[in-house]
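Read through the structure below, which is laid out as C-alpha cells, and then see the notes.
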Amino acid sequence: MSPLPSDRVRRAHARDTVQALLPSVQSRVAQSLGELEAEALVARIRQHLFDMVEPLQLLYGRTTDVAALTGRLLDLVVDAALERPPGLRRIDRRREVDPRWFQRSRVIGYVCYAGRFAGTLDGVRHKLDYLAELGVTYLHVMPLLKPREGANDGGYAVADYRQVDPRLGTMADLEALAADLHDRDMSLCVDLVLNHTAAEHPWALAARAGDPTYRRFYRVFPDRTAPDRYERTMPEVFPDTSPGSFTHVEGLGWVWTTFESFQWDLDWTNPDVFAAMLDTMLFVANRGVDVLRLDAAPFLWKREGTDGQNQPEVHLILQALRALVAVAAPGVVFKAEAIVSPDQLVTYLGAHEGFRPECDIAYNNQLMVMLWSSLASRDSRLATASLRRMREIPPGTAWVTYLRCHDDIGWAVSDEDAHRVGLDPAAHRSFLSDYFSGVHPGSFARGRVFQHNPRTGDRRISGTAAALCGLDAARETGDDEAVDIAVRRLVMLYSVVYSYGGIPLLYMGDELGLPNDPHWADDPEHVGDNRWMHRPPMDWAAAARRHDPATVEGRLFASLQSLARARAGLLALRAGTGTTLLDTASRHVLALRRRHPRGPAFVGLANFSDGPSEVGEDVLLPQFTARPELRLSSDGVRLTGPGVRLPAWGWAWLADH
Ligand code: OTU
C-alpha cells in the first residue's frame with residue numbers, strides 16, 4: 001500500500017497527462033456553458049487533481065495505465081458537468097461560496113420510505129408542509145431506485161440505478177421532488193448502493209450469460225477454496241437468512257454476497273467497476289440529489305485474513321470518487337454509512353493520517369448506541385467515556401446524529417470503553433439485548449432480537465424508538481403515568497440528538513411515537529426480516545392529532561418543533577466544532593458542552609434516571625462567561641442558583657445569558 005518509487009513517477013505522469021488535456025477541456029466546456037463556467041471547472045480539476053490521481057495510482061497503478069484511466073474518468077466527469085441542469089449549477093455556485101452549508105444549526109433531517117410515508121414520490125411532494133412544520137430542511141428518502149422483483153432488502157438490491165422503482169414513480173418525479181425541496185431551501189438525500197447490485201442487474205445478468213467483461217464486475221470463485229479461507233475471518237451480516245458470505249450460482253460458481261444471496265458484491269479491484277459506479281453517481285447527482293448516502297461503504301474492498309471491512313483501499317476509493325464528483329457537482333455531499341467501531345468510524349470523515357477529503361458527513365452510530373445503553377442502564381458513564389475518546393473530526397465535516405433508523409441496533413460497545421467504566425463488555429451487550437427485547441425483568445422496552453448469531457452470541461435489536469422507550473408497553477396496559485414517562489424518555493433522547501453537533505435525523509413516525517408495526521410479517525417478502533417492525537406505514541390519523549396537546553402525538557410533535565426552533569437559534573449547535581463531554585457528580589446525567597467563537601456557550605443535560613438528579617454549579621459555572629439561562633427544557637426542571645435539578649428523564653438546554 002505504501003507508494004513505490006515507480007508509483008510516484010506514474011502518478012506524476014498521470015498528472016502531466018491530465019494537465020495537458022485541460023486546454024481542450026476548457027474550450028469544450030466554454031462552447032456550451034461559457035467562459036466563466038469553463039474556467040471554474042478547470043480550476044476545480046486543478047484543485048482536486050492530486051486527490052484523484054494519487055488514490056487511483058495506489059488502487060489501480062499495478063495493473064492499469066493510470067494516466068489513461070484518469071483521462072477516461074475525467075471524460076465522464078466533464079460529460080456530467082455539461083449535462084448538469086442550470087438550476088443545479090446555480091446551487092453548486094451557492095455551495096462553493098458556502099461549502100459548510102450542511103453544518104448550519106437550521107439543518108434538520110427527516111428519514112422516510114416514500115411508499116410508506118406518502119405512497120409515491122409525487123405523494124411526498126405534497127407532504128412538504130408537514131415536514132416544514134417540524135423544521136425539517138433535509139429529506140432522506142429511503143432506497144427508491146428500481147429494485148429487483150420479489151425480496152429486495154428494503155430496496156438495497158438495485159436492478160437499475162437509472163430508473164426509479166415504478167411503484168414510487170419516475171425519474172421525472174424524483175427531479176420534481178428535488179426541485180420542490182430546493183425551492184424551499186431543503187435538500188434531498190438518496191441511497192447509492194456501491195457495494196453490490198441485485199443479482200438481476202444487467203451487469204449480473206451479463207456475467208451469468210458468460211460475458212467476461214461483466215464476469216469481472218463481480219467476485220466469482222470456481223470452488224469453495226477461496227471462500228472458505230475468506231469466511232474464516234469474515235463476520236456474517238445476516239446469519240439467520242443468508243449465512244456465510246458466498247452464494248453458489250449455477251453455471252458461474254461461488255459469488256461473493258456479503259448481505260443477502262441476491263445482493264452480488266461488486267469487485268472494486270476492477271477499474272471498470274470504479275468507472276461504472278462513478279458514472280452512476282454522477283447520473284444520480286444530476287437528477288438533483290444533494291446528499292449521496294453511500295451504503296455499506298466499509299465493505300468495498302476485501303482482504304483475506306481480515307473482517308473484510310475498513311480496508312485502506314476503501315478510503316482511497318472514497319477519496320478518488322469525492323475528488324471526481326466534486327469537479328462535476330461541487331454542491332453534492334457524500335454521507336458515509338459505516339456502522340463500525342468508533343476508531344474506524346472517524347476515518348470515513350478523513351480523520352486519519354494523510355488527511356484527504358473523503359466523506360463530508362457520517363452516521364454517528366456510537367452516539368446512537370450509547371443513548372440506548374444509557375437508557376437501559378440508567379447510567380451515562382459508558383456514554384461519556386466512549387464519546388469522549390472519539391477522535392475529533394475535521395472542521396469541514398459533520399456527524400449525522402440519530403436515535404433510530406431503518407436498520408437494527410447493533411451493540412457497538414468497545415471492550416476498551418466498557419472496561420474503562422468497570423463493565424464486562426460481553427455481559428453488557430447481552431444485557432442490552434435482553435433489555436430491549438423485553439426479557440430483562442422490569443424492562444419497559446418492546447423490541448425484538450434481530451439476527452441472533454449463536455456462534456458469537458451477537459443479538460441485534462429491532463423496534464421503533466417509541467416501543468424501545470416503553471410507549472408500546474404503557475399503551476398495552478393503559479397506564480397513563482407510564483405513557484407520560486415513555487414520552488419523556490423519547491423527548492429526552494431527541495434533546496441529545498438535536499444538540500450533540502451535526503445534522504440530527506428524525507426517523508419517520510418518531511414525532512408521533514408510532515408503535516411497532518403489528519402487521520410487519522404480513523408481506524411475504526418481509527417475513528424473516530423483523531426490521532420491518534420499525535418501518536411502519538405513516539399513520540396520518542395519528543398525525544392529525546399533532547396539534548392537540550392532550551395527546552401523545554401532540555406532546556411529541558410540539559416537543560420536536562421546539563427543539564428544532566431552539567436549535568436553529570443556537571450558533572453553538574452548528575457543526576464544525578467539537579463536543580465536550582462533562583463530568584458531573586451524578587452517574588445518571590449526560591452533560592455536553594458546545595461552543596462557537598461567535599455565539600454563547602451551550603450546555604445540554606439529560607437525566608437517564610427514574611428519579612431526579614442534580615448538576616451543581618461547580619460543573620456549570622466554568623462553562624459560561626455569564627450566568628447561564630435555561631433556553632429549553634423538559635417540564636419540572638429547576639434552576640437551583642447556578643445549579644440545575646432535573647426530574648426523572650428530564651433534560652435542559654442552557655446557554656450563556
Ligand atoms: C446497510 O446496512 C443498509 O442500511 C441495510 O438496510 C442493508 O440491508 C445493507 O446495508 C445492505 O445493503 O449491515 O445490518 O457498516 O453495517 O451497510 C445492516 C455498514 C448492515 C453496514 C451496513 C448494513
Side-chain angles (χ1 to χ4, degrees), residues 111-113 116 140-145 147-148 151-159 161 189-199 201 234-243 245 247 256-266 277 292-302 306-311 314-315 317-318 334-349 359 362-366 368-369 400 402 404-412 448-453 456 458-463 505 507 520 525-526 528-535:
V111 188
C112 66
Y113 289 89
R116 307 218 135 207
H140 174 193
V141 186
M142 292 295 292
L144 49 78
L145 299 177
R148 75 194 286 270
N152 59 37
D153 186 24
Y156 287 101
V158 180
Y161 292 89
C189 169
V190 164
D191 287 82
L192 202 71
V193 190
L194 297 179
N195 180 66
H196 45 268
T197 70
H201 188 282
M234 289 275 302
E236 290 178 284
V237 181
F238 296 136
D240 277 6
T241 44
S242 213
S245 297
T247 300
W256 199 306
T257 56
T258 300
F259 297 93
E260 299 286 357
S261 54
F262 50 76
Q263 290 164 307
W264 289 17
D265 287 42
L266 287 162
M277 289 314 284
L292 296 172
R293 175 191 179 277
L294 308 182
D295 182 61
F299 291 90
L300 299 183
W301 200 275
K302 330 292 187 196
T306 71
D307 64 358
Q309 294 174 66
N310 312 311
Q311 295 304 305
V314 167
H315 295 289
I317 292 170
L318 296 173
F334 280 13
K335 174 163 68 171
E337 194 260 333
I339 308 306
V340 293
S341 74
D343 299 329
Q344 292 293 345
L345 179 57
V346 292
T347 63
Y348 288 86
L349 294 175
C359 292
Y363 287 93
N364 191 333
N365 70 308
Q366 190 59 195
M368 182 273 290
V369 165
V400 173
Y402 66 113
R404 281 303 283 120
C405 71
H406 69 292
D407 278 330
D408 51 288
I409 307 173
W411 301 118
R448 289 259 204 108
V449 169
F450 175 72
Q451 304 286 340
H452 177 204
N453 189 335
T456 59
D458 192 32
R459 284 176 298 155
R460 284 131 71 187
I461 290 292
S462 287
L505 291 188
Y507 185 67
W520 70 267
E525 282 167 22
H526 299 166
D529 186 348
N530 68 20
R531 289 177 297 176
W532 288 97
M533 282 170 66
H534 53 261
R535 302 168 180 175

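Counting convention: from 1, in listed order, for ligands and their atoms alike.
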request  = Say whether Asp153, considering both its backbone and side-chain N or O atoms, lies within less than 3.5 Å of an N or O atom on ligand 1.
outcome  = yes
key: Numbering as shown, the atoms of ligand 1 that approach Phe238 to under 4.0 Å (heavy-atom distance)   = 8 (O)
request  = Report yes or no: does Gln344 have a heavy atom closer than 4.0 Å to ligand 1?
outcome  = no
task = Kindly indicate whether the side chain of Tyr348, heavy atoms from C-beta on, has any atom under 4.5 Å from the side chain of Leu294.
result = no
remark   = Near Ala296 (heavy-atom distance under 4.0 Å), the atoms of ligand 1 are 17 (O)
note = ligand 1 to Val237, heavy atom cutoff 4.0 Å, flagged ligand atoms 13 (O)
inquiry  = As an exercise, identify every atom of ligand 1 less than 4.0 angstrom from a heavy atom of His196.
reply    = 11 (C), 12 (O)
query = Is ligand 1 less than 4.0 angstrom away from at least one heavy atom of Val193?
reply = no
key: Atoms of ligand 1, numbered as shown, that sit under 4.0 Å from any heavy atom of Pro298   = 15 (O)
request  = Enumerate the atoms of ligand 1 whose separation from the nearest heavy atom of Asp408 is less than 4.0 angstrom.
outcome  = 14 (O)
Enumerated ligand 1 atoms positioned under 4.0 Å from heavy atoms of Arg460 = 14 (O)
Lys NZ or Arg CZ of Arg535 over Tyr113 ring: under 6.0 Å, within 45° = no
query = Would one find an N or O of Arg535, backbone or side chain, under 3.5 Å from an N or O of ligand 1?
reply = no
task = Answer yes or no: does an N/O atom from Phe259 fall short of 3.5 Å to an N/O atom of ligand 1?
result = no
